Every structure is written in C-alpha cells, then in structure tokens.
Protein chains: 2
Amino acid sequence: MATMHDVARLARVSVSTVSYVLTGTRPISEATRTKVLAAMAELDYQPNAMARGLATRRSRIVGLLMPMDERGLGATETAFVTGAAAAASVAGYHLVLSPVGAADVDDLRRLATQRMLDGVVLMEVQVEDGRVAALQEAGLPVVLIGRTADTTGLPFVDIDFDQTVREAVAHVVGLGHRRIVYVNHSAAALAAGYGPAVRTRDAFFSAMTGHGLEPVMIPAEDSAAGGRAALSAAIERAPDLTAVLAMNENAIFGILGELAVRRRVVPDDVSVVSMVTSPQVAELAHPALTAMTSPGAALGRIAVEALLRQLDGAGGETHQQLLPCKLEIRGSTCPTRKQHELTGSGPPGS
Amino acid sequence: MATMHDVARLARVSVSTVSYVLTGTRPISEATRTKVLAAMAELDYQPNAMARGLATRRSRIVGLLMPMDERGLGATETAFVTGAAAAASVAGYHLVLSPVGAADVDDLRRLATQRMLDGVVLMEVQVEDGRVAALQEAGLPVVLIGRTADTTGLPFVDIDFDQTVREAVAHVVGLGHRRIVYVNHSAAALAAGYGPAVRTRDAFFSAMTGHGLEPVMIPAEDSAAGGRAALSAAIERAPDLTAVLAMNENAIFGILGELAVRRRVVPDDVSVVSMVTSPQVAELAHPALTAMTSPGAALGRIAVEALLRQLDGAGGETHQQLLPCKLEIRGSTCPTRKQHELTGSGPPGS
DNA sequence: ATGAAAGCGCTAACAC
DNA sequence: GTGTTAGCGCTTTCAT
C-alpha cells in the first residue's frame, strides 16, 4: 500500500505538496499538479482514511441509529435506510448502521464519544427520547427522522402525519363514509410515545371531529394476526362501519383477511385506506390498496443531506421539514351505497 | 474530550501504562490498574477510534456491500442486513452499509484501498462477480452471502436452494400434484447470473425430472404485476396446472390476485408454495402461505461472525455453509382432488 | 511492572 | 508556489 511519502518521492516534491493537491487548500502550479497526479496513478495511491480522519478530526462517517429489537424493519423504514445510504455514498461519506434503541442510551453515549462518527441520523424517534439529549451532550450533530415533542433547535425530517390523516379522512368522507375506524399501531407503541402512533391518533381525532363524526381508533399489533384482532374489535365497536384506515403495514393484510372471512367485500362493503405505505406494498393486495404513499427513500436522503450540510459548517438555520404522503387511489375505496344513489352512479365492481 | 494523556497525568502514570490497561497486552499491577480505571471514569474517557485505527491498522469497521439499484430490498435481504448489523454490534464492530452494485467495481476498488474497512460481507453475489476478484486483489477479507460459480477458497454462507426446491417439490408431489409450475425471478436476473435464480432453476429441473415430471418454469418481474403476467403465461403453457411454486417475493401476491380473478381457489384448485420467504410475509396472504421459510437474519449474522473470525487471525478453514429453508405448511397447499379420492379424506376448506 | 519514545499516514501551520 | 515540521491520539518496541 503506497503512502503519501511514496508519492512525494516519486514526484520529487514534498509530502505537503501532495497533500495540497489532494485537498486543494492552496494553489499548486499546473506542472507539479500533473507530476503528482501521475505519481498517484502510477502507484495506485489512495489516501488512508484513518490517518486523514485523525489529522482532520473528521471521519467522513455518519451513523444511522435505529432500534432493531422487534422483527426487523417494515418497507417504509427500509426505504429510509436505503435512501440514507445512497445519499451518503453520493457525498463521499460512509454510513454506519447502528442498532441503538431508545433504551440503550449508555451504548449511545459510548458510541458518540468514540469520535468515529461525524454526525448521526436518528430513526424511530419517540416523543420523549433520551437519545437526543445524550447526543447533544456529546456534541454530536444530529438530524432526526421523526421528532420529539419539543423540536426547538432540533433539525428533523418527518412525515406530515396531520396532512396524511386529514387527506385520508377527507377522501373517505368525500365518498360518503361516515362510520370510519382508524387502526393504529399497537397500544405499546402508543404508550411508549412512538411519534407516528401518537400523531396520527391526534390527527384522526381532530379530523373526524372537524367533520362532525365520531372518531373510533383501535390499536393493533404489527402483524397479520394483530390486524385480524383489530378488525374484530372494530366491528364490535362499530358494527356499521364502512371504512377502515390503517397505519400498520402488516396489520392491514390481516384486516383484509378478516374482512374476507366475514364476507365483507372490499371496497363495496368496506373501503380500506392504507396509511404511509409504499406503492409496492399497496399493489400486493387484491384489490390494490388505495393508500397514502410515503415519501420513503426521500426521507432518508433528505435527512442525510441536511446532516452533511450541517457538518460542512453552513451554520444556516436548523432544517425542519414535514413531507406529505400522497393519496393514490386504487381499488380498495369507493363511494358508499347511499352516495351512489345520491350521485346516480352505478355500484362499483359489478 | 479527554485523551489518554489526560488520563495518564491524572493517574500519575505514563501513557503506555494507560494503553496497556486498555488493551491488556501486558501485565499491570492491581494497584495501578485501579488508579488508571478510576482516572478514566473520572474523565469519562473513551479511546479515540481513529487514532487507535491508525496505530493498529484495524478500524473495527466491516462493510456490508450490496447493490441498491432497484426498488429497494425485499424482506429477506432486509433480514440479512439487520442480522449482520446486530452481529457486528455485539462483537464491538461497526457495520457500514455500502451501495456497491456488481457494476461498480471501480468504486469498490477505491473503497477497498482506503483501508477504512477491515473486511466486507458481499451480498447479492452473482455467479460471475467481478467484485470478488477486486476485493481479493486489494487484500480485503471477504465473506459472501450467496456464492460464485467457483467457490474454492472463498468463504460464503448461502441458502441451500437445492434442498429448498427439492423439499418444496416433494411437498406438492406428495399431495398428489403432477402439473407444477415454478415462477422464478426475472429473465434479466437469470441472464445476469443471479445466484438464487439460476440455482433454483437448475434444482427445479432436476427435482421434477427426478419425479418423472415435466418442469415448467416461468420468469417474472419482481412485482405484483409481474406475478400476474407470470401466472397468465403459466396457465397458457400448462392449463391443467394444480400447483405453483414461486420464488419471487412480490410476484407471489400478483399470482394470488390473478388466481382470484380467474376464479381458481387457493388451495382447492391450485396449491401455492412461496419459496424463501419470511413467516411474516407468508402470514400476509389469505389463506396464509405454505412456504419455505428462509433463515433470514441468521444468514447475515453468520456471515459477519465468519468474517470476524477470519479477521481475528484464526486462519482456520474457509467457512462455507449452506443453510436450509424450512417447510412451513399453512393454508395455501392441499392434496389434489384425485389424491382425496384415493385417501378418502374430505375436500379442504368446505 | 513501568516509562520513554518512535512511529501509524495524514493535515496544516509556519517558514521561505 | 513549495518545503519543513509539529501535531492528531493511539500502540508498541526498546529500555530499565
């Protein structure tokens, strides 16, 4: 492995000259620059990342911190990861994946003080999240995917859950539905203050109330079985329901299965909207799901870009951004029967 | 940020002594050890990872290299990633995620010579994969998830596709099925020499031939639409098919949808087996899918562990391991009608 | 059992 | 425009 000394010797210049053509932090004559470049090519030289990191106190590594307790990531979280990795790679940064749950604050503190990471993106943020304080104490720049209750001075990117829920509710209300149930994440997630769960809950209550309707929310475990149970509970609480909104990526398939078992046809008997979903997942169901499509990889990308901007000194304002989900109407929603009669349009799917 | 010097001064010992209590590479008297430990605690000392990396020429970072071209990762690949991240974390290593496709050999070469990575795990390996040679030239230890055509001296962990296909075929043949179609990955994946695609193809041909049956394979794009198209093609080639095996995680939902449209009931009319699938995904379908359950996170974990063992000198034999998928019978397969008559058991689902 | 000091490969003053 | 050199914070000989 060639070092900078080797390059300098071969090009008959000093090491600092080599360093400067590399970093471009001071003018170099065209003649020597080419000499040096030639020597580098000749020796297949690549600067040693550790040495550079030690000297500059910048590793060019950023962390992506997320809990990996449960049964792996959903499609949405996976998209965050791939988006973040791609963005880091494009900028010449490395992205390390660190499983750091909200409980492992000590691990995090250790990680932060190792000075291996220039900054971190924190995923699966909870409304009260000790990790944020730990990172700030360590002086490690951070951008959140999600957000805490108090976001003053904290850069974050998040899904606009308020808009998402509002549009989803407006969509089904516009189709004539009145009896609408929202299947949220689990009670445990709600209790832990998991952002998407609590924010959609609040947004659902306010949206429904705004339409003069009664909000009915059912929490569900994140699995097909959880969805089944939730639908049963939903029908118990609102036997006349005609629309279900579901946040829970896996649960929604359980909901569909249970509806089938109960001989309720989607969308004729019950309309279903999947919230914060990737198009691919929406297409897996039959009929394909009307869904609020999540910004997916964009969220991860934007978070990393904001972090890198912060690292590169800019010192501009703290990046705070809410990304909307986009309503994509597919086959799982349709007007209520009553609505049909009013508008005179024929019943769907027949 | 406290350095080793600070600790040494506070403990009234030399820096080397501090270093030795840290690394344990030479005996230290109990008295000084406690003094040093106390000083470390007092100062909240954490060794600087870059400095240590430069001095030892070991970064304690391993890379997870995977292409991220297409529309993100499937559930199976995601499990590899989380398994790898967890294993690395447990061993005190960091895991960097690098999007390096089979095409980006130059990027890879650059990455490898930066000396930032102690070793790498290579995912989505193709039968002929230039990345392997590039890594070996760079002298970077590597473990494959998947394998190339020639694996001599190459450590790898892979799914035992032969066993997987054989068991799946045996399962449906045992249920009386004779007309069996295999829906593989896309024609492009096959042409590119994507391991899972070519190996299952070969295994399917040999398994079917072994049973005296005609192998019918249909490639499919990795999407619900791809699955629909594949099933249509399948029915055209084998109108009398009674069983479908599908490799393609997303396509399988398209297959189910198309079967529903054609009024072919699963499993009564057509049995369906999902190959190399996670239990969660299998549970999403209705009825839940009989599946060959993939080793998932275990694969990622084992790959990282093998890599770390290789780094820690051991110099033992090269780790080569094939992990089986496990047949989990759910609701999407059942005996053929003819088989029913023979065994006298009642028709299912009625 | 402990200390002193020479690197590890690079960057960035500080000279000229 | 270029060279010299002192670190960056650690590990690891070589002494004692």
Side-chain angles (χ1 to χ4, degrees), chain A residues 1-37 39-40 43-61 92 110 112-118 139 311-313, chain B residues 1-37 39-40 43-61 92 110 112-118 312-313:
Chain A
M1 206 90 296
T3 82
M4 214 153 148
H5 270 91
D6 303 328
V7 175
R9 184 158 346 123
L10 182 60
R12 307 185 158 288
V13 297
S14 73
V15 278
S16 57
T17 300
V18 176
S19 174
Y20 286 119
V21 338
L22 229 34
T23 61
T25 41
R26 93 176 175 191
I28 299 281
S29 79
E30 203 43 45
T32 58
R33 149 171 281 111
T34 40
K35 263 198 311 189
V36 170
L37 258 21
M40 285 181 176
L43 295 176
D44 229 353
Y45 171 75
Q46 281 292 122
N48 179 306
M50 293 282 124
R52 174 175 290 191
L54 179 56
T56 56
R57 269 156 301 251
R58 307 274 258 89
S59 62
R60 295 190 76 83
I61 302 177
R110 216 163 299 130
T113 44
Q114 283 189 145
R115 310 273 79 181
M116 161 146 289
L117 270 27
D118 288 347
L311 296 183
D312 293 348
Chain B
M1 206 88 298
T3 82
M4 214 151 147
H5 269 92
D6 304 329
V7 176
R9 186 162 340 126
L10 183 59
R12 305 184 161 290
V13 297
S14 73
V15 278
S16 55
T17 299
V18 177
S19 174
Y20 285 119
V21 338
L22 230 33
T23 61
T25 42
R26 94 175 172 191
I28 299 280
S29 78
E30 205 41 47
T32 56
R33 148 171 281 111
T34 39
K35 263 197 313 190
V36 171
L37 259 20
M40 285 181 176
L43 296 175
D44 230 353
Y45 171 75
Q46 279 294 121
N48 179 305
M50 294 280 125
R52 175 174 289 193
L54 178 58
T56 57
R57 271 155 302 250
R58 308 274 257 88
S59 62
R60 295 189 76 82
I61 303 176
R110 216 163 300 129
T113 45
Q114 282 189 143
R115 310 276 79 182
M116 161 146 288
L117 270 28
D118 288 347
D312 294 348

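For clarity, every value in this text was computed on a predicted model and none was experimentally measured. Every chain is numbered from 1, with letters handed out A, B, ... down the list of sequences.
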Quiz item: For the atom pair CZ (B:Arg33) and CG (B:Leu22), what is the distance rounded to the nearest 0.5 Å?
Solution: 10.5 Å
Practice problem: Ignoring backbone atoms, test whether B:Ser14 places a side-chain nitrogen or oxygen under 4.0 Å from the OP1 or OP2 oxygen of C:dG3. | Solution: yes
Quiz item: On DNA chain C, nearest-nucleotide positions of A:Arg26 versus A:Leu22: which is more 5'?
Solution: A:Leu22
Exercise. Assign each of B:Val15 and A:Arg12 to its nearest nucleotide of DNA chain D by heavy atoms, then name whichever residue's nucleotide is nearer the 5' end.
Key: A:Arg12
Quiz item: Rounded to the nearest Å, what distance is computed from the CD atom of residue A:Gln114 to the C1' atom of nucleotide D:dG9?
Solution: 14 Å
Quiz prompt | CE-OG distance between A:Met4 and A:Ser14, expressed to the nearest 0.5 angstrom | solution = 8.5 Å
Quiz item: How many angstroms lie between CG in B:Leu37 and OG1 in B:Thr34, if you round to the nearest 0.5 Å?
Solution: 7.5 Å
Exercise. Starting from C1' on C:dA5, measure out to NE2 on B:His5 and report it in whole angstrom.
Key: 10 Å
Quiz prompt | salt bridge (Lys or Arg N to Asp or Glu O under 4.0 Å) assessment of B:Arg58 paired with B:Asp312 | solution = CA-CA 11 Å; B:Arg58 308 274 257 88; B:Asp312 294 348; 3.7 Å; yes
Quiz item: Any side-chain heavy atom of B:Arg115 sitting closer than 4.5 Å to one from A:Met50?
Solution: no
Quiz item: Taking only N and O in the side chain of B:Ser16, is any of them less than 4.0 Å away from OP1 or OP2 of C:dG3?
Solution: no
Exercise. Give, for atom CZ of A:Arg52 and atom CD of B:Gln114, the distance between the pair rounded to the nearest 0.5 Å.
Key: 8.5 Å
Exercise. Give the rounded distance in Å between these two atoms: OH of A:Tyr20 and C1' of D:dT5.
Key: 11 Å
Quiz item: Residues from residues 28-36 of chain B sitting under 4.0 Å of DNA chain C, heavy atoms only?
Solution: B:Ile28, B:Ser29, B:Thr32
Exercise. Would you check if B:Val15 and B:Thr3 make a side-chain contact, meaning some heavy-atom pair closer than 4.5 Å?
Key: no
Quiz item: Can you list, by residue number, the residues of residues 44-61 of chain A that have a non-hydrogen atom closer than 4.0 angstrom to DNA chain D?
Solution: A:Leu54, A:Ala55, A:Arg57
Quiz item: Taking the side chain of B:Thr17 as its heavy atoms from C-beta onward, which of C:dA12, D:dG1, C:dG3 lies nearest to it?
Solution: C:dG3
Quiz prompt | Pairwise distance CG(A:Leu54) to OG(A:Ser59) - rounded to 0.5 angstrom | solution = 11.5 Å
Self-check item: Rounded distance in Å - CZ (A:Arg115) to P (D:dC8)
Solution: 15 Å
Exercise. Before giving the answer on side chain to side chain donor-acceptor pair (under 3.5 Å), spell out for B:Ser16 and B:Ser19 the whole-Å C-alpha distance, their side-chain angles and the decisive distance to 0.1 Å.
Key: CA-CA 5 Å; B:Ser16 55; B:Ser19 174; over 6 Å; no
Exercise. Any chance you could measure A:Tyr45, atom OH, to A:Leu10, atom CG, to the nearest 0.5 Å?
Key: 13.0 Å
Self-check item: Rounded to 10 degrees, the angle between the two terminal axes of the helix from C:dA1-D:dT16 to C:dC16-D:dG1, each from five pairs
Solution: 40°
Quiz prompt | Candidate pair B:Val36 and B:Val13, rule side-chain contact (heavy atoms from CB on, under 4.5 Å), full reasoning | solution = CA-CA 8 Å; B:Val36 171; B:Val13 297; 4.0 Å; yes
